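Below, read A as the first sequence line, B as the second, and so on, with proteins coming before strands; counting in each chain starts at 1. Please read all numbers here as calculations on a predicted model, not as lab measurements.
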Amino acid sequence: MNDPFDFSDDYLEPAQPAPVQGPPSYVETLNPEQRMAVEETDGPVLVLAGAGTGKTRVLTTRLAYIMDHGLAYAGEIMAVTFTNKAAAEMKERVAALLGRPVEGWWLGTFHALAARMVRAHAEVVGLTSNFTIIDTDDQIRLLKQIMEAEFIDEKKNPARNLMGVIQRWKDRGLTPEKVSPGEGAAYADGAAVRIYKIYQERLRLNNACDFGDLLLHVLTIFAEQPQILEQYQRRFRYVLVDEYQDTNVSQYLWLRLLAKQHRNICCVGDDDQSIYSWRGAEVANILKFEKDFPGAKVIRLERNYRSTAHILGAASGLISYNEDRLGKTLQPQSKDDAIKVRVESLWDGESEARFVGDEIEALQAKGESLNEMAILVRAGFQTREFEERMITLGLPYKVVGGLRFYEREEIRDAIAYLRVVNQPNDSLALERIINKPSRGFGPKTKGLQTLLEYARKSQISLYSAAMTLVDTDELSPKARTSLRDLLAQFELWRSLKDGLDVDDLVGQILDESGYMDWRIAETKKQKDMKAQGRVDNLKELVSGLKEFESLNEFLEHVSLVMEVQDRADDAKVTIMTLHAAKGLEFDNVFLPGWEEGTFPNQRALDESGNSALEEERRLGYVGITRARKRSIISYALRRRVFGQYNDMLPSRFVSELPEPHIETGGETGTPSGDYGGGNYGYSKFGDNPQRFTYRGKSENRPQKLVTIDAFDVTVSEAPDGGFRKGDHVRHGKFGSGVVLNVDGNKLDIAFASGGRKKVIDSFVEKI
DNA sequence: ATGCCTTCGGTTTTT
DNA sequence: CCGAAGGCAT
């Protein structure tokens, strides 16, 4: 990374090799569009680079070309990326093309380059050049303090939400003064702008700023001191931007200002892969590029070197339903068109995981490497069921972005408690949790040393040592008492072990030991994401235990899991979110959970309507196009019931799919509605409202029986002889169901709970 | 047995 | 915005 304190203008010294005459060899291997994108160095250029069309190659070649041809010195070039990883890759690849490292250019992330500028002119915004950049935790903490002092009810307006509002304002280049009164009034009863203002003042007093400020401050500096802006405008002969579709308004304004003098701005991106609107990205930036930069050349890279024709066809089909797009069609270069994109309907999440697992094994048997397989999900919690399946099958896997479940600290702690209950002499486990929560036996305390030493000398387990020493005065009175309590608890739990269900037992252990409370307290104290997830993970562990007959069986399972995972350096299946998968590629990609509510995500749809649906489609497009050979989409017909409530049994642990429970009752005229401590559901759609109970656990949830004309439903995989018993079907209003009986054209269908809206019709079926 | 009202929780993440 | 579930009244 560039030294932020290096403001030297050394770029004026032409310490560069002589310009190359004629096109360098690395240009000649490009296809015509790519070459145009490299050689078009006069005026604004928008390169619309579809998935797999050689975007990075164009970017890096263009930079090398500019320098090789002496069009600019390194110091006159600015190249902006979103991630440090992308910046590092660019640096390396340009050096490789040029055959020498490049010094003195402005290559880095938006934030790094903006920080460099703010540091150079910090006094303009009331800071000194050594200001601190604070992280999310600090932001929230500061905001909380302010809210408290300003008597804002944290219950009604959580600091996190308000922080989000302020951040979105910053993304749009709005200082507190610039927020429109109407918008300001919309949040926290109109207090948001006031809080924002105080927040900014407090940051300034601390000589600090947050990430959003880096861009915002540069804009302020440029506005207040135009001569500073001019200096940069003169300097940057060429501006290059990666992932332009992900820029927010601040970043856009910044780029526009900087490129004003020489107008040599080249933005590379793909409007069809804009998936970060929720953190301020504006697809509109790329859509209106030609308007913002008059005379701009738009170059489309549509030759796709990655995927088969089928994959590109499916992806294009899906994305073509979006209205807000510039439009381009990927042209397959691959000759391999043997395999179609597969869309598979399963009954529930568990069978879906089983399906994916079986397919992976089948592909592996065909000689496909696990390294070339990925399972891409919409949301992080979905990774669990696939993890569980991989474990059962003994397939090595890795979860990108987050530790694997059983490796997480809190889960290992909980398991350590169980190991001690099961087997008191498991000294490692006892040592792990003896001070969690704090019992006066921290790692370096006298108490723990005494115990360990005694155990070692007497050649007995830590637990036995503890049993002996609590009756002596070797330990401090306080430590002795807490240890005695703990030992008593372990005895109690051990006595309960065989009488209780595993999940109840573990719930009790986590409660009585104080471990859960300890973690909850930590959650409240430090609001960081990791601590937040811990309590949820523990609850999930407990609910997941229902499938185990005994504590022993569970511990056996865990140790087997650990063993599978311990095989290092093996080929592994990758499990991650669609967002994390952007920019990556695999031979075989699984895309599970393509059912309404999950993907496209219901909440996004509720919040942002059609524009959210378009973004969900783009996510789907990103997903499908990750694959070189196979994209395998699947969806569960029966709606999943994932942990909206943490103690609810997630469907992946339901050992056996319950038979559809049909309730034909509900004579005409039966009152319908909501009933005693639960809700009676009723069919909102049929002519004769069907009554059905709608309470209790998911596995007891009944289905809804409806007789429907066969012409009104679609079947996922059309059988030859018409509809058969057991076919999975979809209906526009009722959602998904299974055929129970066929009578001519009339079908008796059990639909999954509730009436589902028909988003899938605008999504999956468009492939 | 029936119904109204309230509360709670719910995606994606880099800098 | 919506669904699940708890409280409470009748």
Side-chain angles (χ1 to χ4, degrees), chain A residues 1 80-87 108-115 133-136 139 155-156 158 160-161 164 167 170-171 209-216 243 246-248 250-251 274-281 376-383 400-402 528-530 532-533 536 539 576-583 593 596-609 612 615-616 618-620 622-623 639-648 670-682 684 691 693-698 700-701 753-757:
Chain A
M1 197 52 44
V80 207
T81 63
F82 270 87
T83 63
N84 288 314
K85 193 176 153 216
T109 64
F110 276 97
H111 295 276
L113 297 183
I133 301 169
I134 64 167
D135 63 17
T136 318
Q139 287 183 47
K155 275 238 167 70
K156 235 173 114 199
R160 196 159 281 277
N161 293 357
Q167 233 147 6
K170 290 187 176 182
D171 288 340
C209 67
D210 62 24
F211 282 111
D213 281 338
L214 293 173
L215 266 300
L216 202 60
E243 305 278 16
D246 288 336
T247 51
N248 62 35
S250 292
Q251 291 159 339
S274 169
I275 55 175
Y276 284 108
S277 72
W278 48 274
R279 60 179 202 210
L376 309 182
V377 295
R378 171 68 239 259
F381 66 83
Q382 290 172 277
T383 60
V400 174
D528 75 284
M529 301 249 281
K530 254 196 225 146
Q532 280 299 306
D536 293 341
K539 287 184 179 168
M576 63 181 154
T577 64
L578 287 157
H579 282 91
K582 197 170 99 167
E596 53 194 285
T598 307
F599 185 41
N601 179 277
Q602 189 59 51
R603 200 163 148 196
L605 260 35
D606 288 344
E607 271 165 25
S608 315
E615 181 144 326
E616 297 289 300
R618 292 194 288 266
L619 253 188
V622 168
R639 186 170 68 180
R640 299 161 200 241
V641 188
F642 273 116
Q644 206 190 118
Y645 288 86
N646 291 317
D647 57 352
M648 188 185 269
T670 309
S672 56
D674 179 17
Y675 166 60
N679 308 323
Y680 252 134
Y682 54 95
K684 296 171 187 167
R691 208 168 113 226
T693 51
Y694 199 62
R695 60 189 315 197
K697 303 244 154 112
S698 56
N700 299 327
R701 182 175 303 177
S753 62
R756 308 271 305 275
K757 290 152 222 141

(message) Base, sugar-phosphate or nothing for A:Phe211? Non-hydrogen atoms, less than 4.0 Å.
(response) base
(message) With a 4.0 Å cutoff (strictly under), does any side-chain N or O of A:Asn84 reach OP1 or OP2 of B:dT14?
(response)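 Checking B:dT14 against A:Asn84, no side-chain N or O comes under 4.0 Å of OP1 or OP2.
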(request) For A:Leu605 and C:dC2, give me the distance from atom CG to atom P, rounded to whole Å. (result)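 Computing the A:Leu605:CG to C:dC2:P distance gives 12 Å.
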(message) From CG of A:Leu214 over to C1' of B:dT14, roughly how many Å is that when rounded to an integer?
(response)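 These atoms are roughly 13 Å apart.
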(request) Starting from P on C:dG3, measure out to CZ on A:Arg603 and report it in whole angstrom. (result) 15 Å
(message) Please report the distance, rounded to the nearest Å, between CZ in A:Arg279 and P in B:dT13.
(response)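 The answer, rounded to whole Å, is 9 Å.
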(request) Grab the two heavy atoms, one from A:Phe110 and one from A:Thr247, that are nearest each other, plus how far apart they are. (result) CZ-CG2, 3.6 Å
(request) State which of C:dC2, B:dT15, B:dT11 makes the closest approach to the side chain of A:Asp606. (result)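 Nearest listed nucleotide: C:dC2.
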(request) Go through B:dT15, B:dT12, B:dT11 for me and flag the one nearest to the A:Thr83 side chain. (result) B:dT15
(message) To the nearest 0.5 Å, what is the distance between CH2 on A:Trp278 and CD on A:Glu615?
(response)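 These two atoms lie 9.0 Å from each other.
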(message) So which atom in A:Asn248 and which in A:Gly280 form the shortest heavy-atom distance, rounded to 0.1 Å?
(response)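 In terms of heavy atoms, the two residues are closest at CB-O, 3.1 Å.
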(message) What is the separation between atom CD on A:Gln251 and atom C1' on B:dT15, rounded to the nearest whole Å?
(response)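 Roughly 10 Å, once rounded to whole Å.
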(message) Please report the distance, rounded to the nearest Å, between OH in A:Tyr276 and P in B:dT13.
(response) 7 Å
(message) Using whole Å, what does the distance between atom P of nucleotide B:dT12 and atom CZ of A:Phe599 come to?
(response) 13 Å
(request) Look at A:Thr577 and B:dT13 and indicate whether a side-chain polar atom (N or O) is within less than 4.0 Å of OP1 or OP2. (result)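 For A:Thr577, the contact criterion (side-chain N or O under 4.0 Å from OP1 or OP2 of B:dT13) is met.
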(request) Considering only atom P, compute the distance from B:dT13 to C:dG3 and round it to an integer number of Å. (result)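 The same atom, P, in both gives a distance of 26 Å.
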(request) Grab the CZ-P distance between A:Phe82 and B:dT15 for me, whole Å please. (result)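 Going from CZ in A:Phe82 over to P in B:dT15 covers 11 Å.
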(request) Please confirm whether the backbone N or O of A:Ser274 pairs with a side-chain atom of A:Arg618, one donor and one acceptor, at under 3.5 Å? (result)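 Yes; at least one donor-acceptor contact below 3.5 Å.
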(request) Mark yes or no for whether A:His111, through its side chain, and A:Leu214, through its backbone, hold a donor-acceptor pair below 3.5 Å. (result) no
(request) Would you say whether A:Trp278 stacks on B:dT12? The test is a distance between ring centres of less than 5.5 Å and an angle between planes of less than 30°. (result)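 A:Trp278 ring centre within cut-off of B:dT12 base, planes near parallel; stacks.
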(request) Under 4.0 Å between any heavy atoms, over every strand shown, what does A:Gly212 touch: base, sugar-phosphate, or nothing? Just pick one. (result) nothing
